[in-house]
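Structure first, commentary second.
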Amino acid sequence: MSIIHPTAIIEDGAQLGEDVTIGAFAYIGPKVKIGDGTSVASHTVIEGDTTIGKNNRIFSHAAIGTIPQDLKFKGEEVQLIIGDNNTIREFTLFNPGTEGGGSVTKVGNGNLFMGYVHLGHDVIIGDNCILANGATLAGHVELGNHVVIGGLTPIHQFVHIGDFAMIGGASALSQDIPPFCLAEGNRATLRGLNLTGLRRAMDRKEINALKSAYRELFEQGKPLQETAAALLDNTDSAKVRQLCEFIQTSKRGIPFVRNENVK
């Protein structure tokens with residue numbers, strides 16, 4: 001049975017699944033779709049063409065689906081799509097897509113968005129990511145799966161962050177971070193592999209292969225693209241291939257400190 005507080009406003013046309021909870025003074029717009037078991041706390045606003053999946057928890061004062069913060073936006077048909085089992089904490093702000101970026105912002109499953117997190121227009125988030133308090137993603141940012149973003153960290157538009165990467169708190173990120181890596185600082189640079197996350201997710205053989213690849217790529221002073229290509233030709237590790245292919249397709253570059261003294 002759904003529980004709708006009498007002070008909540010549910011516009012005609014909104015679609016609510018079974019066992020949905022809507023708190024006091026919440027607003028649900030006419031194009032919103034909310035899946036089974038999702039709870040929306042008091043004073044939350046959900047607008048636009050927004051689809052929210054099952055068993056999400058949305059806390060008070062979140063603003064979900066309000067128009068993009070893009071001066072080029074002129075009222076086009078755009079979407080925000082949120083998957084299942086996400087936790088969206090207080091005062092978060094999720095914007096839909098824009099016509100110039102594919103018209104959709106998309107969030108996967110099982111993510112935790114702590115207080116004051118901002119997802120800009122055309123952002124793509126994978127599964128099982130954690131964004132700590134005050135993390136802010138500009139437009140067109142893409143996160144893989146199991147990514148961790150530390151608190152108070154802004155991420156520049158069009159940045160791509162790979163699977164199992166971690167960005168330290170209070171960093172400022174303007175370039176791409178490959179999968180499995182740890183970065184921090186202002187501006188953020190690579191500091192090694194995200195070993196804590198990797199040990200929770202994969203066996204020692206894969207981790208050792210990634211350690212060896214990381215040394216070749218970032219600690220030997222060799223040209224990055226050439227080294228990535230050589231590793232691709234000589235590895236049987238799927239994770240190393242994923243790392244090297246990310247490097248080869250990066251558009252914003254990889255922020256690592258080249259050691260010119262290594263011979």
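All values below were derived from every heavy atom in this structure, side-chain atoms included, with hydrogens, water molecules and symmetry-related copies excluded. All residue numbers refer to positions in the sequence shown, counting from 1.
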* Asked: Can you check whether Gln79's main-chain N or O pairs, donor with acceptor, with Asp49's side chain at less than 3.5 Å?
  -> no
* Could you tell me whether the side chain of Phe94 reaches within less than 4.5 Å of the side chain of Thr50, counting heavy atoms only? => no
* **Contact check, side chains of Asn111 and Leu143, non-hydrogen atoms, under 4.5 Å** => no
* Structure fact -> For Gly65 and Leu80 the tightest heavy-atom approach is N-CD2, 3.6 Å
* Evaluate the side-chain proximity of Asp122 to Val104: yes if any heavy-atom separation is below 4.5 Å, no if none is. => no
* Backbone N/O of Ala209 and side chain of Ser212: donor-acceptor pair under 3.5 Å -> no
* Structure fact -> Rounded to the nearest 0.5 angstrom, the CG-CZ distance for Leu243 and Phe218 is 5.5 Å
* **Glu219/Arg215 ion pair, N-O < 4.0 Å** => no
* Structure fact -> Output for pair (His5 NE2, Ile3 CD1), nearest 0.5 Å, gives 11.0 Å
* **Side-chain heavy atoms of Phe246 within contact of Asp176, under 4.5 Å** => yes
* Asked: Checking Arg241 side chain against Leu232 main chain: does a donor-acceptor pair fall under 3.5 Å?
  -> yes
* To do: Measure across Gly185 and Ser171 and return the closest heavy-atom pair with its distance rounded to 0.1 Å.
  => N-OG, 3.0 Å
* Smallest separation among heavy atoms of Arg89 and Thr92, with atom names -> O-OG1, 2.8 Å
* Asked: So do Leu93 and Gln69 actually touch side chain to side chain, heavy atoms under 4.5 Å?
  -> yes
* **ILVMFWY network linking Met166 to Phe113, side-chain heavy atoms under 4.5 angstrom** => no
* Asked: Which pairs count as salt bridge (Lys or Arg N to Asp or Glu O under 4.0 Å) when at least one residue sits in residues 91-118, sequence neighbours excluded?
  -> none
Return a table of donor-acceptor pairs under 3.5 angstrom between the side chains of residues 21-36 and protein atoms on other chains or two or more places apart.
{"from": "Tyr27", "atom 1": "OH", "to": "Glu11", "atom 2": "OE2", "distance (Å)": "3.0"}
{"from": "Lys31", "atom 1": "NZ", "to": "Glu77", "atom 2": "OE1", "distance (Å)": "3.4"}
{"from": "Asp36", "atom 1": "OD1", "to": "Glu18", "atom 2": "N", "distance (Å)": "2.8"}

* For the residue pair Phe180 and Leu198, what are the closest heavy atoms and their distance? -> CD2-CD2, 3.7 Å
* **Name of the residue among Asn86, Thr87, Thr38, Ile88 meeting side-chain contact (heavy atoms from CB on, under 4.5 Å) with Arg57** => Thr87
* Neighbour count above 12 (heavy atom, 6.0 Å) for Leu195 CG -> yes
* Treat each ILVMFWY residue as a node, draw an edge where side-chain heavy atoms are under 4.5 Å apart, and state whether Met114 and Val147 are in one component. => no
* Asked: Going from CD on Glu245 to CD on Gln242, what distance comes out if it is rounded to the nearest 0.5 angstrom?
  -> 8.0 Å
* Minimum side-chain heavy-atom gap Gln220-Thr227 below 4.5 Å -> no
* **Flag, side chain of Ser250 to backbone of Ile247, donor-acceptor distance under 3.5 Å** => no
* To do: Following the transitive rule for hydrophobic clusters with a side-chain heavy-atom cut-off under 4.5 Å over Ile, Leu, Val, Met, Phe, Trp and Tyr, establish whether Val117 and Ile155 coincide in one cluster.
  => yes
* To do: Using the side chain to side chain contact (heavy atoms under 4.5 Å, CB included) rule, take Leu217 and Phe256 through it: C-alpha gap first, then chi angles, then the decisive distance, then the call.
  => CA-CA 10 Å; Leu217 289 162; Phe256 74 103; over 6 Å; no
* According to a 4.5 Å side-chain heavy-atom criterion applied to Ile, Leu, Val, Met, Phe, Trp and Tyr, with indirect links allowed, do Phe158 and Ile161 form part of one hydrophobic cluster? -> no
* CA sep, side-chain torsions, deciding dist, call: His61, His43, side chain to side chain contact (heavy atoms under 4.5 Å, CB included) -> CA-CA 5 Å; His61 296 88; His43 298 87; 3.6 Å; yes
* Structure fact -> Apart from Val78 itself, its cluster of hydrophobic side chains linked below 4.5 Å comprises Ile67, Phe73
* Hey, mind stepping through Ile207 and Met202 against side chain to side chain contact (heavy atoms under 4.5 Å, CB included) and telling me if it holds? -> CA-CA 7 Å; Ile207 294 173; Met202 60 187 67; 3.7 Å; yes
* Less than 4.5 Å apart, any side-chain heavy atom of Asn95 and any of His118? -> yes
* Asked: Is the shortest distance from a Lys or Arg side-chain nitrogen in Asp203 or Lys205 to a carboxylate oxygen in the other one below 4.0 Å?
  -> no
* Locate the shortest heavy-atom distance separating Ile177 from Ala183; write the atom from each residue and the value. => CD1-CB, 3.6 Å
* To do: Applying ring-ring contact (aromatic ring centres under 6.0 Å, His included), name anything that partners Phe59, two or more places apart in sequence or on another chain.
  => none
* Asked: So, Glu76 and Thr98: side-chain donor and acceptor under 3.5 Å apart, yes or no?
  -> no
* Asked: Measuring from Ser174:OG to Gln157:CD, what's the distance to the nearest 0.5 Å?
  -> 11.5 Å
* **Fellow cluster residues of Phe91, listed by chain then number, with links counted only when side-chain atoms sit under 4.5 Å apart** => Tyr116
* Asked: Passes side chain to side chain contact (heavy atoms under 4.5 Å, CB included), Leu182 versus Leu193? Steps please.
  -> CA-CA 5 Å; Leu182 169 67; Leu193 292 172; over 6 Å; no
* To do: Answer whether the closest heavy-atom distance between the side chains of Glu216 and Lys222 falls below 4.5 Å.
  => yes
* **Pair Thr189, Arg191: side-chain N/O donor-acceptor within cut-off below 3.5 Å** => yes
Taking only distance into account, with no hydrogens and no angle test, what donor-acceptor pairs under 3.5 Å do side-chain atoms of residues 124-140 form with protein atoms, sequence neighbours excluded?
{"from": "Asp127", "atom 1": "OD1", "to": "Asn109", "atom 2": "N", "distance (Å)": "2.8"}
{"from": "Asn133", "atom 1": "OD1", "to": "Gly115", "atom 2": "N", "distance (Å)": "3.0"}

* **Common cluster, Val148/Ile167, ILVMFWY with side-chain heavy-atom separation under 4.5 Å** => no
* Asked: How close do Pro178 and Leu190 get, heavy atom to heavy atom, and via which atoms?
  -> CD-CD2, 4.0 Å
* Under 3.5 Å, is there a donor-acceptor pair between the side chain of Thr235 and the main chain of Leu231? -> no
* Structure fact -> Taken to the nearest 0.5 Å, the spacing of Ile64 CD1 from Asn56 CG works out to 9.5 Å
